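Below you'll find the structure, written out as structure tokens, and then a few comments.
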Amino acid sequence: MTTETGKTATLAVEGQSFELPIYDGAVGPSVIDVRPLYKHTGHFTYDPGFTSTAACDSSITYIDGDKGELLYRGYPIDQLAEDSHFLEVCYLLLYGDLPNKELLEDFKSRVTNHTMLHEQMTNFYRGFRRDAHPMAIVTGVVGALSAFYHDSTDIRDPMQRQVASIRMIAKMPTIAAWAYKYSIGQPFVYPRNDLSYAANFMHMCFSVPTEDYKVDPIMAEAMDRIFTLHADHEQNASTSTVRLAGSSNANPFACIAAGVACLWGPAHGGANEAALNMLKEIGDVSRIPEYIARAKDKDDPFRLMGFGHRVYKSYDPRAKVMQQSAKEVLELVGVENDPILKVAQELEKIALEDEYFVKRNLYPNVDFYSGIVLSAMGFPTSMFTAIFALARTVGWIAQWKEMIEDPDQRIGRPRQLYTGEPMRDYVPVEKR
Ligand code: CMC
């Protein structure tokens with residue numbers, strides 16, 4: 001909720017001055033309302049990377065990048081990762097408060113009753129090339145949900161919005177697991193509703209019809225924690241993509257597919273895959289200085305993947321939790337002495353002491369560790385971003401729902417600073 005403060009900012013434009021209202025949020029920076037600016041001055045504001053622009057108001061997630069604080073509906077991420085579980089966090093993000101026992105049971109049963117995919121979707125999977133990247137498949141299949149579930153695409157109907165939301169949270173593990181199974185040539189494994197959300201996902205990824213597969217409870221807990229840590233992150237690139245797509249009143253499946261596509265990029269969700277590939281490429285502690293030098297070289301596009309964040313200018317609070325998870329999982333699978341882990345630990349140590357990284361507040365982010373954990377669990381790097389997408393789906397949906405339910409919502413339509421040719425007359429081809 002925004003509060004009118006009575007305060008204003010004065011802007012002087014070409015000799016005239018204008019008063020712009022200032023609003024306070026619950027916590028965090030206040031905003032200057034620039035909406036009347038164009039009407040009164042004929043000028044746009046210019047902020048291409050959205051570094052100083054609040055594109056909406058939201059009551060879902062709060063980040064204090066300087067303190068390294070992340071809150072879902074006011075609850076600190078480390079408490080949720082430690083004491084809650086993913087489905088409870090989904091409820092919290094979607095509905096604003098922690099559920100009581102009955103509400104939680106009801107929510108769990110609604111989710112578990114929607115885990116299956118329409119059987120015809122198996123044919124859809126088979127249309128992909130065998131070696132397709134799982135994110136290519138997930139993007140396509142999530143978009144295709146709108147072709148299979150027509151009864152939940154009317155965004156003006158609250159019940160249909162509800163059903164679409166539950167369907168996506170419930171089906172994402174099946175969609176992602178089947179993308180994996182398809183890419184390795186194994187049969188699809190159907191969901192099991194007697195397992196927890198995380199254990200069911202691991203079951204669909206790792207079990208085969210020929211033998212029994214038991215999900216290790218420590219692994220399932222680590223998986224659940226990864227989901228919780230990635231569930232939402234306020235107005236990041238993929239969430240803003242979902243909001244922008246949704247602002248045109250596109251159906252929810254199409255909007256989430258847009259979010260998945262955006263997440264794929266290595267500067268965003270693709271960083272976990274890129275970080276592990278980088279650690280493998282470095283291969284040995286002795287080669288770290290060479291890579292640190294490359295990261296600092298302005299003529300080299302190389303960046304230390306898994307380092308830096310637009311908002312966090314201190315340690316990413318998710319990375320702290322993930323670091324602990326990495327320890328537990330690696331101990332369990334007995335790879336504490338893994339050379340990749342050694343490279344990761346040493347790289348982190350060197351980067352945290354190096355002036356270049358210190359000066360720019362470049363700390364390890366969640367993706368630096370999540371790749372190590374997922375790899376120890378047995379996932380190939382190509383699945384890392386698909387798992388991120390699975391977890392972030394609830395955040396995208398909560399943000400989309402918040403936007404659709406806002407009576408003041410309008411289509412998102414950024415403006416631009418035009419730098420092309422002014423108007424000129426068309427010249428026929430024979431005269432050019
Ligand atoms: N390695 C080396 N230098 C870096 C890095 C890095 N990973 N990240 C930023 N810098 C430098 C950058 O060159 C610039 O230096 P200078 O001021 O001398 O020009 C300065 O730090 C500021 O960087 P920026 O590009 O202006 O920062 P940004 O806020 O636009 O970018 C970022 C944020 C996450 C895209 C960037 O830090 C990055 O590319 N990191 C690697 C990719 C990564 O790990 N992404 C995952 C983000 S967390 C998960 C998620 O939310 O998706």
Side-chain angles (χ1 to χ4, degrees), residues 47-53 60-66 68-70 72 77 135 226-242 258-279 281-282 288-323 344 347-348 350-374 381 384-396 399:
D47 185 14
F50 293 97
T51 48
S52 299
T53 297
I60 301 172
T61 294
Y62 174 71
I63 302 173
D64 185 325
D66 295 327
E69 197 173 77
L70 167 63
Y72 292 167
I77 190 65
M135 277 299 277
I226 289 179
F227 293 161
T228 295
L229 292 178
H230 288 87
D232 194 43
H233 213 224
E234 54 118 305
Q235 310 311 320
N236 54 80
S238 58
T239 302
S240 301
T241 301
V242 170
V260 176
C262 176
L263 186 77
W264 195 359
H268 191 10
N272 50 16
E273 180 175 348
L276 201 82
N277 287 338
M278 176 193 76
L279 294 175
E281 190 186 308
I282 298 175
I288 292 177
E290 178 196 326
Y291 280 81
I292 295 266
R294 282 187 62 194
K296 293 183 198 175
D297 181 357
K298 291 285 160 231
D299 297 325
D300 188 331
F302 174 78
R303 283 186 165 200
L304 275 193
M305 299 314 285
F307 274 78
H309 199 275
R310 168 61 63 80
V311 183
Y312 294 120
K313 298 305 169 202
S314 73
Y315 218 93
D316 178 342
R318 304 167 299 171
K320 274 191 198 153
V321 181
M322 196 60 91
Q323 198 183 27
L347 186 66
E348 178 185 5
I350 295 175
L352 289 178
E353 287 165 3
D354 190 292
E355 202 211 326
Y356 173 95
F357 292 88
V358 174
K359 223 173 99 192
R360 290 170 179 76
N361 296 314
L362 298 171
Y363 293 89
N365 58 51
V366 66
D367 291 327
F368 189 65
Y369 297 104
S370 63
I372 296 168
V373 180
L374 291 171
T381 45
F384 293 180
T385 315
I387 292 169
F388 190 161
L390 181 178
R392 182 55 59 83
T393 295
V394 64
W396 290 329
Q399 302 268 351

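Whatever order the structure lists them in is the order used to number ligands and atoms, beginning at 1. From a predicted model like this one, the values you see are computed outputs, not experimental measurements.
- In terms of polar-atom proximity, defined here as any N/O pair under 3.5 Å, D367 makes no such contact with ligand 1.
- Within a 6.0 Å sphere centred on OH of Y356, other residues, nucleotides and ligands contribute more than 12 heavy atoms.
- When ring centroids are compared, F388 and H233 stay outside the 6.0 Å threshold.
- The heavy-atom pair separating F307 from A351 by the smallest distance is CE2-CB, 3.5 Å.
- The two residues L70 and P317 come nearest to each other via the heavy atoms CB-CG, 3.8 Å.
- Residue A267 places at least one N or O, backbone or side chain, under 3.5 Å from an N or O of ligand 1.
- D47 contributes a side-chain N or O that, together with a main-chain N or O of T53, makes up a donor-acceptor pair within less than 3.5 Å.
- In terms of protein heavy-atom proximity, atom 42 (C) of ligand 1 is nearest to M305 CE, 3.5 Å.
- One option in F307, Y312, F388, F357 has a heavy atom closer to atom 41 (C) of ligand 1 than any other, and that option is F307.
- The residue D316 has no part lying near ligand 1, judged by heavy-atom distances below 4.0 Å.
- Of the candidates H230, H309, H233, R360, the one placing a heavy atom closest to atom 14 (C) of ligand 1 is R360.
- Residue contacts with ligand 1: H268 is placed with a nitrogen or oxygen under 3.5 Å of a nitrogen or oxygen of the ligand (distance criterion only).
- If you check which protein heavy atom lies closest to atom 19 (O) of ligand 1, you get K298 NZ, 3.7 Å.
- Summary of contacts: the protein heavy atom closest to atom 10 (N) of ligand 1 is L362 CD1, 3.6 Å.
- Inclusion of N365 in the set of residues having an N or O under 3.5 Å from an N or O of ligand 1 is warranted.
- Proximity of K296 to ligand 1, defined as any heavy-atom pair under 4.0 Å, is not found for any part of the residue.
- Under the 4.5 Å side-chain criterion, counting only non-hydrogen atoms from C-beta, F384 is not in contact with S370.
- Distances from atom 3 (N) of ligand 1 to the heavy atoms of F302, Y363, Y356 show the closest one on Y356.
- Residue contacts with ligand 1: R303 is placed with a nitrogen or oxygen under 3.5 Å of a nitrogen or oxygen of the ligand (distance criterion only).
- Residue K320 qualifies as open at atom NZ: its count of foreign heavy atoms under 6.0 Å is 12 or below.
- You'll find the ring centres of Y291 and F302 inside the 6.0 Å limit.
- A donor-acceptor distance shorter than 3.5 angstrom exists from the side chain of N236 to the backbone of E234, with no hydrogens or angles considered.
- Counting protein heavy atoms under 4.0 angstrom from atom 39 (O) of ligand 1 gives one or more.
- No side-chain donor-acceptor contact under 3.5 Å links T241 to the backbone of G259.
- Between the side chains of N272 and T385, a donor-acceptor pair is found at a separation under 3.5 Å.
- The nearest heavy-atom contact from the protein to atom 34 (C) of ligand 1 is G308 O, 3.7 Å.
- Atom 27 (O) of ligand 1 is never approached by the protein to below 4.0 angstrom, counting heavy atoms only.
- The protein reaches atom 47 (C) of ligand 1 closely, with a heavy atom under 4.0 angstrom from it.
- The heavy atom nearest to atom 2 (C) of ligand 1, out of those in G49, A275, A271, A295, is found in A295.
- The shortest N/O to N/O separation between G306 and ligand 1 falls below 3.5 Å.
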